[in-house]
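The structure appears right after this line, and notes come after that.
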2 protein chains.
Amino acid sequence: MSRKTMVRPGGRSARVQASVHAAVRELEAEAGREALTVPLVAARAGVTPSTIYRRWGDLQELLSDVAVERLRPETEPQDTGSLRSDLEAWAEQFLEEMSAPAGRAYIRDALLGDPDGSNAGQCSAYAAEQIGVILDRAAGREEKAPGVDTVLDRVVAPMMYRILFRPQGLDTAYARRLVAGLVGPAGR
Amino acid sequence: MSRKTMVRPGGRSARVQASVHAAVRELEAEAGREALTVPLVAARAGVTPSTIYRRWGDLQELLSDVAVERLRPETEPQDTGSLRSDLEAWAEQFLEEMSAPAGRAYIRDALLGDPDGSNAGQCSAYAAEQIGVILDRAAGREEKAPGVDTVLDRVVAPMMYRILFRPQGLDTAYARRLVAGLVGPAGR
DNA sequence: ACCTTAAAGCAAATATCTTGCTTCAAGTGT
DNA sequence: ACACTTGAAGCAAGATATTTGCTTTAAGGT
């Protein structure tokens, strides 16, 4: 979140931030990520470039903020009746979204313009939150379940690693395999 | 590797590349990563800026190339007598190096200026190579051993995930725990 | 030795980024 | 409601960085 946390809650600052974020999303869609520049975004947002430089520092930090927003999950994980199938469904969807070119770009943007690591931390927090919901549900069913950190280590981390470092040949079967290895047929 | 693969093997191109890379390393040490600019690097390397722009495209791609070089392991993994202790020793050292501020910066740089993912792929290949050596050694001792991909999923990926997304509270005990979970007291 | 050609140098034209100063408007106190 | 304070936005000039067309250099081949 770099600097945007220190804007005044309502009023002009909030409007500027909203219009700048909107401008980034519009231009990303119209012209592509490569074509973005600070002056271009500023013009579309109806703002002077120096406003963006002063609030965000540079294009990367701005893109990082926008990327984190887009990575926020918008729905609760589905309830499919068991821990294993909940995790499978969630992991498959996660992998599908994140390994698509757009998803990878957002992850990279989120990581890159992020001097203090808070944006990256936010991404991980989103995943942890979703997994927490699934595990709580499992606890409610009296299923034996691992901890959130274990799921992050065994399911989320391997997917992220491959998305970032070895983006070839990823498919949803990989997500299922990871879940199976954790909460597998053997019950463990 | 972006463009540097297409340089002529010996001669001027090679000299320019070497002196530009050296300039980056020197200036990183002297002035810090933040202070680097293309014109500055060019001046130190005794080269015109347009040479760098044409060969690397921008500063990020150049830094990415340099970062990958620095991430290349320079020694074989130690032979400590057993698969488990070999992996522990390797993972501890990996985590120590990569989670240090300099290591994190290199990883981020490597990922960042890497449109086609080949630099990131190279990082993963380095790790796979080191692990391959350890596993081959284990096979020579007739120890039961997992595959390289399993070690990447269970040991490397979780460490990388935490380095990138949750850099707080990482210590070498975490590396040992991951290895133990894979090739643990239970033998598996 | 002479060609060929990829890459480097140079310099002018653009574009981007920084910064000091001014103006605006949200929040605060009377 | 009114003026006051203050953080953020606008503006514009100057400093830097990037792109690009053309020229020159030198590696590799004949």
Side-chain angles (χ1 to χ4, degrees), chain A residues 1-24 26-28 30-66 69 109 112-115, chain B residues 1-24 26-28 30-66 69 109 112-115:
Chain A
M1 304 251 152
S2 342
R3 288 154 227 231
K4 87 170 169 226
T5 42
M6 62 200 207
V7 314
R8 291 189 185 178
R12 186 159 71 154
S13 289
R15 273 198 311 279
V16 165
Q17 165 160 321
S19 91
V20 168
H21 278 214
V24 168
E26 289 167 24
L27 289 169
E28 247 175 9
E30 287 169 25
R33 220 187 137 291
E34 291 305 296
L36 295 192
T37 66
V38 170
L40 192 68
V41 171
R44 171 66 65 106
V47 141
T48 68
S50 64
T51 294
I52 294 183
Y53 290 120
R54 285 212 241 250
R55 280 222 1 216
W56 282 277
D58 63 14
L59 185 62
Q60 284 182 359
E61 288 189 44
L62 171 57
L63 291 181
S64 183
D65 280 357
V66 173
E69 274 188 9
D109 285 346
L112 296 171
D114 190 22
Chain B
M1 305 253 151
S2 345
R3 287 157 226 227
K4 88 168 166 229
T5 43
M6 62 201 206
V7 313
R8 290 190 183 176
R12 186 158 70 153
S13 289
R15 271 196 314 278
V16 165
Q17 166 161 318
S19 90
V20 168
H21 278 215
V24 168
E26 289 168 24
L27 289 169
E28 248 175 7
E30 289 169 26
R33 221 188 134 289
E34 292 304 299
L36 295 192
T37 67
V38 171
L40 192 68
V41 171
R44 170 67 65 109
V47 141
T48 68
S50 64
T51 294
I52 294 183
Y53 290 120
R54 286 210 240 250
R55 274 206 29 200
W56 283 276
D58 62 15
L59 184 63
Q60 286 179 356
E61 288 188 45
L62 171 57
L63 292 181
S64 183
D65 281 356
V66 173
E69 272 187 9
D109 284 346
L112 174 55
D114 189 24

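Naming convention: chains lettered A, B, ... in sequence-line order (proteins, then strands); numbering from 1 in each chain.
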How many Å lie between CZ on B:R12 and P on C:dA8, as a whole number? 7 Å

Between B:V38 and A:G46, who's closer to the 5' end of DNA chain D by nearest nucleotide? A:G46

Atom-pair distance (CZ on A:R15; P on D:dA8), nearest Å: 15 Å

From the list D:dG10, D:dA9, D:dA26, which nucleotide is the closest neighbour of the side chain of A:R54? D:dG10

Counting only side-chain N and O atoms of B:S50, is one of them less than 4.0 Å from OP1 or OP2 of C:dG9? no

Got B:L27 and B:V41 here, is their nearest side-chain heavy-atom distance under 4.5 Å? yes

Value in whole Å for how far the P atom of D:dA27 lies from CD of B:Q17: 16 Å

To the nearest Å, how far apart are B:D58 CG and C:dC17 P? 12 Å

Check A:R55 against A:S13 and note the closest heavy-atom contact, atom names and distance. NH1-O, 3.3 Å

In this structure, which one of A:H21, A:E26, A:E28 forms a side-chain contact (heavy atoms from CB on, under 4.5 Å) with A:V24? A:E28

Nearest-Å distance for atom pair OH/P, residues A:Y53 and D:dA12: 17 Å

Measure from the side chain of B:T48, starting at C-beta and using heavy atoms only, and say which of C:dT16, D:dA9, C:dC10 lies closest. C:dC10

Rounding to an integer number of Å, can you tell me how far A:L59 CG sits from C:dC17 P? 7 Å

Can you spot which of B:L59, B:V20, B:V16 makes a side-chain contact (heavy atoms from CB on, under 4.5 Å) with B:I52? B:V20

Could you tell me whether the phosphate oxygens of C:dT16, OP1 or OP2, come under 4.0 Å of any side-chain nitrogen or oxygen in A:T37? yes

